[in-house]
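Predicted model only: the values in this text are computed from it and were never measured.
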Amino acid sequence: MPATVIVGTQWGDEGKGKVTDVFAENVDLVARYQGGNNAGHTIVIGDERFALTLIPSGVLNPGVTPVIGNGTVVDPKVLLEEMAALAARDVDVSLVRLSANAHLIMPYHRKIDALQERFLGSGQIGTTKRGIGPAYTDKFSRHGIRVQDLFDPKIFRDKLEAALKEKNKTLVKLYNQLPMDAEAIAAEYLEYGRQLESHVTDTSLLLSEALEAGKEVLFEGAQGTLLDIDHGTYPFVTSSNPTAGGATIGSGVGPTAIDKVVGVTKAYISRVGSGPFPTELDDEIGETMIEVGGEYGTVTGRRRRCGWLDAVALRYASRINGLTEIALTKIDVLSEFETLKICVAYEADGERYDELPRQHRVLYNCEPVYEELPGWGIDISGAESFEDLPPAALDYIARVEELAGVPVSMVSVGPQRKATLTR
């Protein structure tokens with residue numbers, strides 16, 4: 001049963017979209033297993049650039065079935081707009097399949113998300129304000145509304161009215177906002193259900209039957225390991241499990257189906273929003289990484305914080321996800337620098353940390369212990385194989401393998417599909 005999980009090893013933005021797109025050339029189904037439209041994947045094909053937020057990256061490969069699993073939270077308006085935008089660019093979206101068990105992002109989720117973040121002031125988490133956190137909160141408090149509820153108007157209205165009794169109290173009494181109208185929301189969402197009905201199915205069954213038939217299935221995570229709700233730099237995390245274990249829960253497929261876990265790792269590191277960042281560079285080198293690497297969020301356009309590769313975090317991600325291989329992206333950006341650095345440990349209060357500290361407060365006060373490597377100083381974007389890379393680039397890749405304890409099977413030297421080297 002050939003199944004592969006594509007997972008980010010950092011704070012997201014590692015280039016998972018491109019890696020998924022490359023892998024999808026040889027698979028039958030690509031399944032997104034968590035998150036919502038707070039995460040974006042950018043894919044470049046020829047002169048065209050595609051920014052996806054909900055539909056799995058495999059949609060750009062003809063014949064691949066894109067699956068949105070039960071572990072996602074779905075804003076139906078965004079999904080329909082994304083499908084329409086792809087169709088307008090001659091991308092076939094007829095095969096898109098949406099889990100009946102996925103939870104819906106409702107208008108009150110978006111509103112409360114924005115209000116909560118605003119009221120946090122200087123303690124803001126950095127949410128995208130798209131309602132993802134509040135939707136997951138309702139899911140786990142068992143007050144959520146699922147995709148399948150769109151097809152029973154009475155059940156939908158009953159759940160909506162029950163939810164609004166609580167939400168409107170919060171909006172009016174806590175945030176001094178106007179209450180939301182149940183009938184207007186019901187009319188809007190039931191229409192979304194009508195438009196989406198042909199795409200909704202039991203995706204757990206769909207994926208399981210495909211695996212039993214020997215078809216290739218690719219599981220695509222959003223965000224990254226350090227943003228995992230359980231294993232990330234809490235509370236500056238997302239509201240779901242982008243780690244490899246989330247693939248089974250968020251898709252309804254058992255763990256024995258998975259035989260490969262690919263950790264997408266940027267050759268440096270970045271994060272969006274607040275939270276600790278030991279190797280962050282607030283200098284000319286960091287600025288160069290941002291500008292040369294195009295480090296601006298796919299969904300929000302926010303400027304990313306950048307720094308040298310953190311091997312402590314990478315070893316942690318390898319352990320948490322059970323990585324079998326690494327896809328190293330954006331190594332071409334490092335061509336800009338004469339000397340490269342990799343963080344191999346942290347130091348704080350006279351203590352050395354070779355593994356991620358148990359208490360994340362240490363990350364705010366630690367100093368990275370760097371190892372220096374020579375740069376290669378030449379453009380490598382035209383490389384067509386590992387053999388085309390300069391010795392210093394190969395040495396950098398080899399050191400990443402040593403520090404992570406995982407082989408590098410793929411290297412990206414540019415945004416284009418063809419700028420991908422495999423071994």
Side-chain angles (χ1 to χ4, degrees), residues 4-25 30 32 35 38-46 48-53 55-61 218-227 238 242-244 261-272 289-310 313-314 317-318 321 323 325-336 380-381 383 386 389 393 396-397 400 404 406 408-423:
T4 299
V5 180
I6 305 289
V7 64
T9 64
Q10 300 165 330
W11 281 291
D13 309 312
E14 302 96 346
K16 295 181 296 299
K18 177 186 174 178
V19 174
T20 300
D21 177 63
V22 170
F23 269 83
E25 292 181 13
V30 178
R32 167 84 175 270
N38 58 334
H41 290 159
T42 300
I43 302 162
V44 179
I45 302 174
E48 291 195 86
R49 181 180 294 268
F50 296 85
L52 304 174
T53 64
I55 300 175
S57 305
V59 71
L60 301 177
N61 292 270
L218 193 62
F219 294 97
E220 176 190 47
Q223 291 100 16
T225 298
L226 299 178
L227 290 175
T238 193
T243 41
V261 181
V262 180
V264 185
T265 304
K266 193 149 53 182
Y268 48 102
I269 193 168
S270 67
R271 78 172 299 172
V272 173
M289 289 176 176
I290 292 168
E291 296 308 318
V292 175
E295 296 296 345
Y296 297 90
T298 300
V299 171
T300 63
R302 288 186 295 179
R303 194 169 185 267
R304 297 173 185 147
R305 303 154 62 194
C306 287
W308 295 115
L309 181 65
D310 187 336
L314 182 54
S318 175
N321 291 292
L323 299 184
E325 59 192 85
I326 287 173
L328 192 65
T329 62
K330 289 196 171 182
I331 194 171
D332 52 303
V333 175
L334 297 186
S335 299
E336 299 288 325
I380 60 172
S381 61
F386 272 71
L389 295 173
Y396 186 86
I397 294 167
V400 171
V406 181
V408 172
S409 63
M410 177 186 291
V411 171
S412 173
V413 294
Q416 298 283 353
R417 270 180 178 173
K418 64 180 182 180
T420 309
L421 319 180
T422 59
R423 66 178 180 187

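- Rounding to the nearest 0.5 angstrom, the gap separating the CE atom in Met289 from the CZ atom in Arg304 is 14.0 Å.
- Proximity of Asp21 to Phe50: side-chain heavy atoms (C-beta onward) are nowhere separated by under 4.5 Å.
- Residues Val30 and Gly58 come closest through the heavy atom pair CG2-CA, 3.8 Å.
- Inter-residue side-chain proximity for Leu227 and Arg271 is flagged as met; some heavy-atom pair is nearer than 4.5 Å.
- Thr9 contributes a side-chain N or O that, together with a main-chain N or O of Val264, makes up a donor-acceptor pair within less than 3.5 Å.
- Salt bridge Lys266/Asp13: absent, no basic N to carboxylate O contact under 4.0 Å.
- For the pair Tyr268 (side chain) and Val333 (backbone), a donor-acceptor distance under 3.5 Å is absent.
- Side-chain N or O atoms of Thr225 include one that pairs as donor or acceptor with a backbone N or O of Gly8 at under 3.5 Å.
- The main-chain N or O of Ile43 is never found under 3.5 Å from a side-chain atom of Arg417 such that the two would form a donor-acceptor pair.
- Without hydrogens or angle criteria, Arg32 side chain to Thr53 main chain gives a donor-acceptor distance under 3.5 Å.
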- [ ] Let me see the working for Val400 and Leu314 under side chain to side chain contact (heavy atoms under 4.5 Å, CB included), right down to the final yes or no.
- [x] CA-CA 9 Å; Val400 171; Leu314 182 54; 4.0 Å; yes
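- Partners of Arg49 under the salt bridge (charged side-chain N to carboxylate O under 4.0 Å, His left out) rule, at least two apart in sequence or in another chain, do not exist in this structure.
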Open item on the list: Could you walk me through whether Trp11 and Arg305 satisfy the side chain to side chain contact (heavy atoms under 4.5 Å, CB included) test, starting with their C-alpha distance in whole Å, then the side-chain angles of each, then the deciding distance to 0.1 Å, before giving a yes or no?
Closed with: CA-CA 10 Å; Trp11 281 291; Arg305 303 154 62 194; over 6 Å; no
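- From Ile6, atom CD1 reaches atom OG1 of Thr20 across 5.0 Å, with rounding to the nearest 0.5 Å.
- Thr265 has its side chain out of reach of Val408: every pair of non-hydrogen atoms, C-beta onward, lies at least 4.5 Å apart.
- Taking each heavy atom of Trp308 and Ile269 in turn, the nearest pair found is O-CG2, 3.1 Å.
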- [ ] Show your working on side chain to side chain contact (heavy atoms under 4.5 Å, CB included) between Glu336 and Glu291 and close with a plain yes or no.
- [x] CA-CA 11 Å; Glu336 299 288 325; Glu291 296 308 318; over 6 Å; no
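- Gln223 contributes no side-chain N or O that, together with a main-chain N or O of Gly35, makes up a donor-acceptor pair within less than 3.5 Å.
- Residues satisfying the salt bridge (charged side-chain N to carboxylate O under 4.0 Å, His left out) criterion with Glu14, sequence neighbours excluded, are Lys16.
- In this structure, the separation between CD1 on Ile331 and OG on Ser381 is 12.5 Å, given to the nearest 0.5 Å.
- Taken to the nearest 0.5 Å, the CG atom of Leu226 stands 10.5 Å off from the OG1 atom of Thr243.
- Residues Leu309 and Tyr396 have side chains in contact (heavy-atom distance under 4.5 Å, counting atoms from C-beta outward).
- The distance from the CD1 atom of Ile326 to the OG atom of Ser318 is 6.5 Å, given to the nearest 0.5 Å.
- Every residue two or more places apart in sequence or in another chain was checked for a salt bridge (charged side-chain N to carboxylate O under 4.0 Å, His left out) with Lys18, and none qualifies.
- In this structure, the separation between SG on Cys306 and CD1 on Ile290 is 4.5 Å, given to the nearest 0.5 Å.
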TODO: Walk me through it: do Leu389 and Leu421 pass the test side chain to side chain contact (heavy atoms under 4.5 Å, CB included)?
DONE: CA-CA 10 Å; Leu389 295 173; Leu421 319 180; 4.0 Å; yes
